[in-house]
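Take this structure, written in structure tokens, and hold onto it; I'll ask about it next.
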Amino acid sequence: MENIEIVRVLDEVADLLEIQQANPFRVRAYRNAVRTINAHATPLRKLVEQGADLTELPSIGKGMAENIRELVGSGRLAMLDEMAAEIPAGLVELMRLPGVGPKKARKLWDELGVESIDDLEEVASEGRVAELPGFGLKTQDRILRGIRNYRTNTTRFRLGEVDKLLPPLIEHLQATPGITRLEVAGSYRRRKETVGDIDLLVLADDARAASDALVGFSGVESVIGAGGTKTSVRLRSGLQVDLRVVPPESWGAALIYFTGSKEHNIRLRRRALERKLRVSEYGVFTIPEESLGDALGERGIASEGEMVAGATEEDVYRALDLSWLPPEIRRDRGEFPASDAGELPHLVERSDLRGDVHMHSTWSDGRVSLETMVEACAARGYEYMAITDHSKALAMVEGLDAAKLRRQWDEIAEVQAAHPEIRILRGLEVDILRDGSLDLEDEMLERLDVVIISVHSFLGLDRARQTARVLKALAHPRSMIFGHPTGRLINRRGPIDVDIDDILHACAEFGVAVEVNSHPHRLDLKDSHLWRARELGVSVVVATDAHRPDHLDLATYGIEQARRAWLTPEHVLNTRGVDDFLAALRRKPAS
Ligand code: DGT
Ligand code: CA
Ligand code: CA
Ligand code: ZN
């Protein structure tokens, strides 16, 4: 059980306690524990395994430590199960609506039998919420608006979709007279795999003109709000865009604030306070001596302090004794201590890749010939590439059996002779069969340079069977790279049910690398799993699974996910020259 999962459980306990109107101190104990764990970089699971005393962590008391041990040990919390049995699951979701706290949620449940957002919408549309004591017409309207907003906002966009939706808007704004600088902040800038909404920052001579420019964009469906320095619109695609006009002296501070993450910002603010400074989206300010004891005071310390930084991100970070931090790692997952220790990782970059080693041709389900793929790779400056068509189990795409594979090798030899500028490796994306064996004879596997093993069938096996199946495949001596390991398709299909920790341990043991499949629909492994892979010493390959030449450019997305997991070129095997790359495949990590 990872920290993030522990946090989710404890947060839910706090929510349920609030609905039960439990003692506020008990609720706060859970919220505080969540904060502590969020700030903790190493998995608690490890501490528990080592028998460490969890109460040494801030805000973790005896009872909480017991909860955590139970969670890590069994993956469940008996207390939560009991509470959840008494309270409908949809009630917790109600509290995400503006104006609905635990008290109101409870009342809606008791008085009107509301157990979900759908229920609430129904009774509110009938006017019954307004009749409840303490609610009224105004609250009812607010709830109905909140529900509408909540529904549209819970659809997150894949990063790749946003990259297609944004350019026309950005061109439009950049062509607007008076807008002198524009940056996309938020989760988009942190290159998160999905994006909730777009946070645009601009420098503009005239805030009104900038706002009008956004509202006037042809792709706008509706205006959510316009006034002062903030304008929000919804595009026809459903994507919400928030635009903020920022004063030039605050540009860097605003960029940091609106890039986030929220967790990063919270930590930053605390760090500032430790230095008797205050950081906001306007800059870094001194706190006057007389206000120090009054950090939450009513006297508006912002206006009293003196501004010490704000114009650039570098200035703001420097004022807080920090190096500039790449947006991908701004998550309060260790970037602050790493900066303090001078140990920020040298994150892998797109230009570090020296070969793409997962792609298809018309030999299976690719769109273009093998030679066209080779030319496309050479045009991108790669030193090497691997053709990895499907094996025969994937009958739909007429995958390759031994005979067909031999014919493909003849073609590779010919194309190689014509293209000495790039080394063509013989590869195959071999299906992992239901029983965990590989879909190709051993003697053929031995003659391949690159063996990717992938799951394409029986995606619904239960955890025990699926894990055993994959573990068996990983143990095959010719398995080299585990392709798109969880099989998820973002917003469309969940991951296969495997014990990812067991899988990664096996990868480490057998020297099998995991793929970062760069396709923005997949991004598989995802950032948190890559993080774990790195901790366990598992090597990584960033590849595109290209089925057309232009897919080769999706490698950027894989690199960005790798950066979010703090991967450096040393972790990514295809940043090496071809001989080192081949030697590293199937080599066990030094430990
Ligand atoms: P998203 O849009 O859900 O994909 O994620 P973000 O990170 O873009 O979040 P968003 O759009 O709500 O806010 C943009 C940034 O503004 C966020 O990354 C950090 C900052 N921010 C927003 N709300 C808060 C807050 O309550 N506290 C702090 N410290 N920062 C916040
Ligand atoms: Ca956002
Ligand atoms: Ca936003
Ligand atoms: Zn595949």
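Atoms within each ligand, like the ligands themselves, are counted from 1 in listed order.
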Report task. Quick one: closest heavy-atom pair of I490 and P520, and the distance? Result ->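 Closest approach of I490 to P520: CD1-O, 3.6 Å.
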
Report task. Count the heavy atoms belonging to other residues, nucleotides or ligands that lie under 6.0 Å from CZ of R142, then report whether that count exceeds 12. Result ->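 No, not enclosed.
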
Query - Under-4.0 Å protein heavy-atom contact, atom 31 (C) of ligand 1 - result: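 Flag for atom 31 (C) of ligand 1 set to true, protein heavy atom closer than 4.0 Å.
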
Requested in this report: Measure the CG-CE distance between D15 and M83 for me, rounded to the nearest 0.5 Å.
Outcome: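 Here the interatomic distance stands at 9.5 Å.
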
Requested in this report: Can you pull out the closest protein heavy atom to atom 29 (N) of ligand 1? Residue, atom name and distance to 0.1 Å, please.
Outcome: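 Looking at atom 29 (N) of ligand 1, the protein heavy atom closest to it is N265 CB, 3.3 Å.
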
Requested in this report: Would you kindly specify which portion of D197 sits under 4.0 Å from ligand 1, judged on non-hydrogen atoms: side chain, backbone, both or neither?
Outcome: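 Near ligand 1, D197 shows its backbone as well as its side chain.
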
Query - Donor-acceptor under 3.5 Å (R278 side chain, G283 main chain) - result: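 It does not hold such a pair.
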
**Report entry** Atoms of ligand 1, numbered as shown, that sit under 4.0 Å from any heavy atom of V195
**Finding:**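 It comes down to these atoms of ligand 1: 4 (O).
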
Query raised in the report: Any idea which atoms of ligand 1 are less than 4.0 Å away from a heavy-atom of R269?
Result: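 Every atom of ligand 1 under 4.0 Å from some heavy atom of R269: 29 (N).
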
Query raised in the report: If you draw the axis of the six-membered ring of W109, does the NZ or CZ of R106 fall within 45° of it and under 6.0 Å from the ring centre?
Result: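 No, R106 does not lie over the aromatic ring of W109.
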
**Report entry** Nitrogen or oxygen atoms of T194 and ligand 1 under 3.5 Å apart
**Finding:**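 By distance alone, the answer is no.
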
**Report entry** atom 9 (O) of ligand 1 [closest protein heavy-atom partner, distance rounded to 0.1 Å]
**Finding:**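 Result: D199 OD2, 4.7 Å.
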
Query raised in the report: Tally of protein N/O/S atoms under 3.0 Å from the Ca ion (ligand 3)?
Result: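 For the Ca ion (ligand 3), the figure is 4.
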
Report task. May I ask you to check whether over 12 heavy atoms, not counting those of R26, lie within 6.0 Å of atom CZ? Result ->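 Counting neighbours around CZ of R26, 12 or fewer heavy atoms of other residues, nucleotides or ligands fall under 6.0 Å, so no.
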
Query - For atom 8 (O) of ligand 1, the protein heavy atom that lies nearest, with its residue and separation - result: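 Closest protein heavy atom to atom 8 (O) of ligand 1: S187 N, 2.8 Å.
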
Query raised in the report: If you look at every heavy atom in Y557 and G160, which pair is closest and at what distance?
Result: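 Heavy-atom minimum between the residues: OH-CA, 3.6 Å.
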
**Report entry** Given R270, H40, R267, the one that forms side-chain hydrogen bond (donor to acceptor under 3.5 Å, both in side chains) with D332
**Finding:**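 Exactly one option meets the side-chain hydrogen bond (donor to acceptor under 3.5 Å, both in side chains) with D332, and it is R267.
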
**Report entry** R244 charged N/C atom sitting above W251 aromatic ring, 6.0 Å / 45°
**Finding:**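 Here R244 fails the 6.0 Å and 45° test against W251.
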
Requested in this report: If you have a sec, work out which protein heavy atom is nearest atom 26 (O) of ligand 1 and how many Å separate them, to one decimal?
Outcome: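 It is K262 CE, 3.4 Å.
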
Query raised in the report: When the ring planes of H172 and F217 are compared, do they come out parallel, tilted or perpendicular, using 30° and 60° as the limits?
Result: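 Tilted: the ring planes of H172 and F217 meet at 30° to 60°.
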
Query raised in the report: What's the shortest distance from atom 3 (O) of ligand 1 to any protein heavy atom, and which residue and atom give it?
Result: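 The closest heavy atom on the protein side is R156 NH1, 3.0 Å.
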
Requested in this report: List the atom of I559, the atom of V542, and the distance in Å for their closest heavy-atom pair.
Outcome: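 Closest pair (atom of I559, atom of V542, distance): N-CG1, 3.9 Å.
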
Query raised in the report: Quick one: which of R532, R331, K192 gives a salt bridge (charged side-chain N to carboxylate O under 4.0 Å, His left out) with D527?
Result: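 For D527, the salt bridge (charged side-chain N to carboxylate O under 4.0 Å, His left out) test succeeds with only one of R532, R331, K192, which is R331.
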
**Report entry** Residue portion contacting ligand 1 (non-hydrogen atoms closer than 4.0 Å) for Y257
**Finding:**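 Both backbone and side chain.
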
Query raised in the report: Should the proximity of T259 to ligand 1, defined as any heavy atom under 4.0 Å, be assigned to the side chain, the backbone, both, or neither?
Result: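 Just the backbone.
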
Query raised in the report: With atoms numbered from 1 as shown, which atoms in ligand 1 lie under 4.0 angstrom from a non-hydrogen atom of F258?
Result: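 So the atoms of ligand 1 that pass are 14 (C), 15 (C), 16 (O).
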
Report task. Could you tell me whether the side chain of D11 and the main chain of R8 form a donor-acceptor pair under 3.5 Å? Result ->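 Judged by distance alone, no pair lies under 3.5 Å.
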
Report task. Starting from atom 17 (C) of ligand 1, find the nearest protein heavy-atom neighbour and note its residue, name and distance. Result ->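 Of every protein heavy atom, G260 CA, 4.0 Å lies nearest to atom 17 (C) of ligand 1.
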
Requested in this report: Measure from NZ or CZ of K104 to the centre of the six-membered ring of F135 and say whether it is under 6.0 Å with the direction within 45° of the ring axis.
Outcome: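 Judged by the rule (NZ or CZ under 6.0 Å from the ring centre, within 45° of its axis), K104 counts as positioned above F135.
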
Report task. For R190, counting its heavy atoms only, list the atoms of ligand 1 lying under 4.0 Å from any of them. Result ->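 Ligand 1 atoms under the 4.0 Å threshold to R190: 7 (O), 18 (O).
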
Query - Axial cation check for Y188 ring with R191, 6.0 Å and 45° limits - result: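 Output yes; distance and angle both within limits.
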
**Report entry** Protein heavy atom under 4.0 Å of atom 6 (P) of ligand 1
**Finding:**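 It does; a protein heavy atom is within 4.0 Å.
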
Requested in this report: Could you tell me whether some N/O pair between G196 and ligand 1 is separated by less than 3.5 angstrom?
Outcome: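 Yes: some nitrogen or oxygen of G196 is under 3.5 Å from one in ligand 1.
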
Query - Numbered atoms and elements of ligand 1 in range of G186, under 4.0 angstrom, heavy atoms - result: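 It comes down to these atoms of ligand 1: 8 (O).
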
